[in-house]
Protein chains: 2
Amino acid sequence: MKEKNLLAELAAYLFSNSDKESGRTPSERELAEHFGVSRGQIREALAILEAMRIVERRAKSGIYIDTKQASVEALALFARAGLPLDPVQIYETVELRKIHEIKAAELACSRATEENFERLREILKASEERIAAGEGLAKEDREFHLEIVRATKNSVFHNICSVYYLMGEQRLPIYFNDPERSVRSHAEHIQIYEALLRRDGNLAQALMNAHLQGAESYWKGIIEGRGKEPKSAALEKA
Amino acid sequence: MKEKNLLAELAAYLFSNSDKESGRTPSERELAEHFGVSRGQIREALAILEAMRIVERRAKSGIYIDTKQASVEALALFARAGLPLDPVQIYETVELRKIHEIKAAELACSRATEENFERLREILKASEERIAAGEGLAKEDREFHLEIVRATKNSVFHNICSVYYLMGEQRLPIYFNDPERSVRSHAEHIQIYEALLRRDGNLAQALMNAHLQGAESYWKGIIEGRGKEPKSAALEKA
DNA sequence: TCCTCCAAACTGGTTCGACCAATTGGGCCT
DNA sequence: AGGCCCAATTGGTCGAACCAGTTTGGAGGA
């Protein structure tokens with residue numbers, strides 16, 4: 001499995017070629033033929049999918065897909081594969097992200113080092129340039145938020161949170177399609193940065209809360225179908 | 001890979017048979033011979049370990065282990081395999097757990113349904129019986145906390161938190177070896193339950209915070225080597 | 001027509017052996 | 001002593017084969 005694309009493609013294929021009732025998917029041999037690889041490759045990918053709780057392999061019976069139990073890493077995989085995630089799961093993730101990042105902002109206040117501030121400044125500078133160029137944020141937004149989590153000096157925390165951004169990787173550019181959104185986000189980032197610099201935990205927390213509120217309502221809107229997502233070439237299948 | 005033990009055993013073997021400098025482990029062929037299974041099996045397990053970021057497979061070079069980047073699921077796997085986790089990572093996980101569960105208690109206050117309360121009552125009853133029998137909690141403690149997370153009705157939240165308990169699976173019985181600890185925990189569980197029942201978010205949060213404080217200091221103590229863990233047959237290698 | 005039951009086809013689990021090409025390390029030559 | 005080259009090693013991949021339960025479809029009976 002050198003190309004990790006196989007994993008995502010396989011997940012996608014399993015998802016759309018499974019029995020709606022039982023969740024039963026094509027057999028390993030069929031999958032191998034369809035992807036033009038050996039059964040061994042398929043089995044390796046299935047092992048990972050099973051570890052992610054996306055799939056269950058029942059001996060001598062078949063492969064069954066069930067995304068309800070999927071791990072967070074699995075959700076990220078699905079998101080990157082452009083698969084239609086359960087809107088409920090997306091929203092749940094957004095809720096979690098909020099919990100994590102607000103607390104991260106507070107912790108970062110007492111633990112951030114000069115190195116972190118340096119990185120944040122670099123990111124903010126890059127953001128400014130991008131906005132000046134009339135482009136949307138996305139990469140910079142992701143890096144800003146992750147740097148704050150990194151500033152908590154809790155690597156497990158960082159591991160968990162980085163998954164959120166893996167999940168949103170494809171949709172973030174769409175979110176920031178609206179230039180006004182980029183500008184506002186950038187302004188809020190600066191406020192948060194300054195709060196961190198002043199080591200004002202309560203303020204940082206409050207600012208982060210307000211900052212994430214926007215994203216939350218955005219997602220809520222999409223999930224409830226109130227607002228349609230703008231089209232994007234990267235998401236033609238979504 | 002029908003026996004998921006192979007995964008844990010392989011992880012353990014890789015961990016103790018890797019080069020301290022480079023992290024290079026024995027080759028697939030050697031591993032296959034050592035475990036008495038085919039290379040295919042080993043490769044399947046390695047694929048999972050690689051997805052968990054425990055291991056990196058470099059084509060035509062070798063397999064390299066690096067637990068610093070490991071995912072949370074990987075930490076759980078290591079813990080269950082009785083492997084010596086990085087104390088720092090353990091502590092970081094405890095910190096995260098606290099963040100999660102305090103917030104979970106608050107959310108549960110507004111979202112818990114009668115079904116959740118029913119389960120909590122059952123668990124508390126089981127706890128009482130276990131204490132009356134002079135036994136330590138552990139399973140009941142785990143279930144109590146997980147039920148609260150479940151009461152948030154956020155399944156992703158639940159997915160993440162269940163990993164913590166997978167991690168602590170082996171050590172919880174040791175923690176509750178001290179009968180006094182079981183009794184105190186149970187009493188605190190009851191308080192928390194009552195706060196949830198009254199839908200008092202602030203109180204539930206505060207109680208959960210205090211409740212987890214004990215566990216935090218316990219782990220901190222072990223990590224800093226101040227307190228030694230009591231011996232346990234299940235942990236002779238730890 | 002419908003139900004029962006059995007055998008054949010299918011399925012995941014596992015092994016073996018083989019080939020490829022990049023990496024690596026040690027021995028040889030300078 | 002230093003540098004170069006080749007051969008062994010290694011992960012990546014494939015295909016064929018066997019096993020033992022599971023499914024399933026059709027034959028045969030009610």
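Naming: A, B, ... by sequence-line order, numbering from 1 per chain.
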If I take atom [atom1] in residue [X] and atom [atom2] in nucleotide [N], what distance separates them, rounded to the nearest angstrom?
X	N	atom1	atom2	result
B:Glu56	D:dG12	CD	C1'	15 Å
A:Glu44	C:dT14	CD	P	14 Å
A:Glu33	C:dC10	CD	C1'	15 Å
B:Arg29	C:dC20	CZ	C1'	11 Å
B:Ile42	C:dG13	CD1	P	16 Å
B:Asn5	C:dG13	CG	P	16 Å
A:Leu6	D:dT13	CG	C1'	12 Å

NA contact type, A:Gly62, heavy-atom cut-off 4.0 Å: base, sugar-phosphate, or nothing? sugar-phosphate

Categorize B:Glu30 for me: base, sugar-phosphate, or nothing, with a 4.0 angstrom heavy-atom threshold over every strand shown.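 Here B:Glu30 touches the backbone only, sparing every base.
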
For the atom pair CD1 (A:Ile123) and CZ (A:Arg142), what is the distance rounded to the nearest 0.5 Å? 11.0 Å

Polar atom pairs (N or O), protein with nucleotides 21-24 of chain D, under 3.5 Å:
from: D:dT22; atom 1: O4'; to: A:Lys60; atom 2: O; distance (Å): 3.0
from: D:dT23; atom 1: OP1; to: A:Ser61; atom 2: OG; distance (Å): 3.1

Walk me through whether B:Ile148 and B:Met208 qualify under side-chain contact (heavy atoms from CB on, under 4.5 Å). CA-CA 11 Å; B:Ile148 290 178; B:Met208 182 62 88; 3.8 Å; yes

Should the pair B:Phe35 and B:Tyr13 be assigned to parallel (<30°), tilted (30 to 60°) or perpendicular (>60°) ring geometry? perpendicular

Considering only heavy atoms from C-beta outward, does the side chain of A:Arg97 approach that of A:His145 to under 4.5 Å?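 Of all side-chain heavy-atom pairs linking A:His145 with A:Arg97, at least one is under 4.5 Å.
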
Among [options], the one nearest [X] by side-chain distance:
X	options	result
B:Glu28	D:dG11, D:dC14, C:dG12	D:dG11
A:Arg39	D:dG12, D:dC14, D:dA17	D:dA17
A:Ser27	C:dG12, C:dT15, D:dG11	C:dG12
A:Arg43	C:dG13, D:dC14, D:dG12	C:dG13

Keeping the roles fixed (side chain from A:Arg24, backbone from A:Ser61), state whether a donor-acceptor pair exists under 3.5 Å. yes

I'd like to know if the side chain of A:Thr152 reaches the main chain of A:Ala104, judged simply by a donor and an acceptor atom lying under 3.5 Å from each other, with no hydrogens or angles considered. no

For a quick test of reading the model: is some side-chain N or O of A:Gln41 closer than 4.0 Å to OP1 or OP2 of D:dG12? no

Could you tell me which non-hydrogen atom of A:Gln89 sits nearest to which non-hydrogen atom of A:Thr93, and how far apart they are?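 Closest heavy-atom pair between A:Gln89 and A:Thr93: O-OG1, 2.7 Å.
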
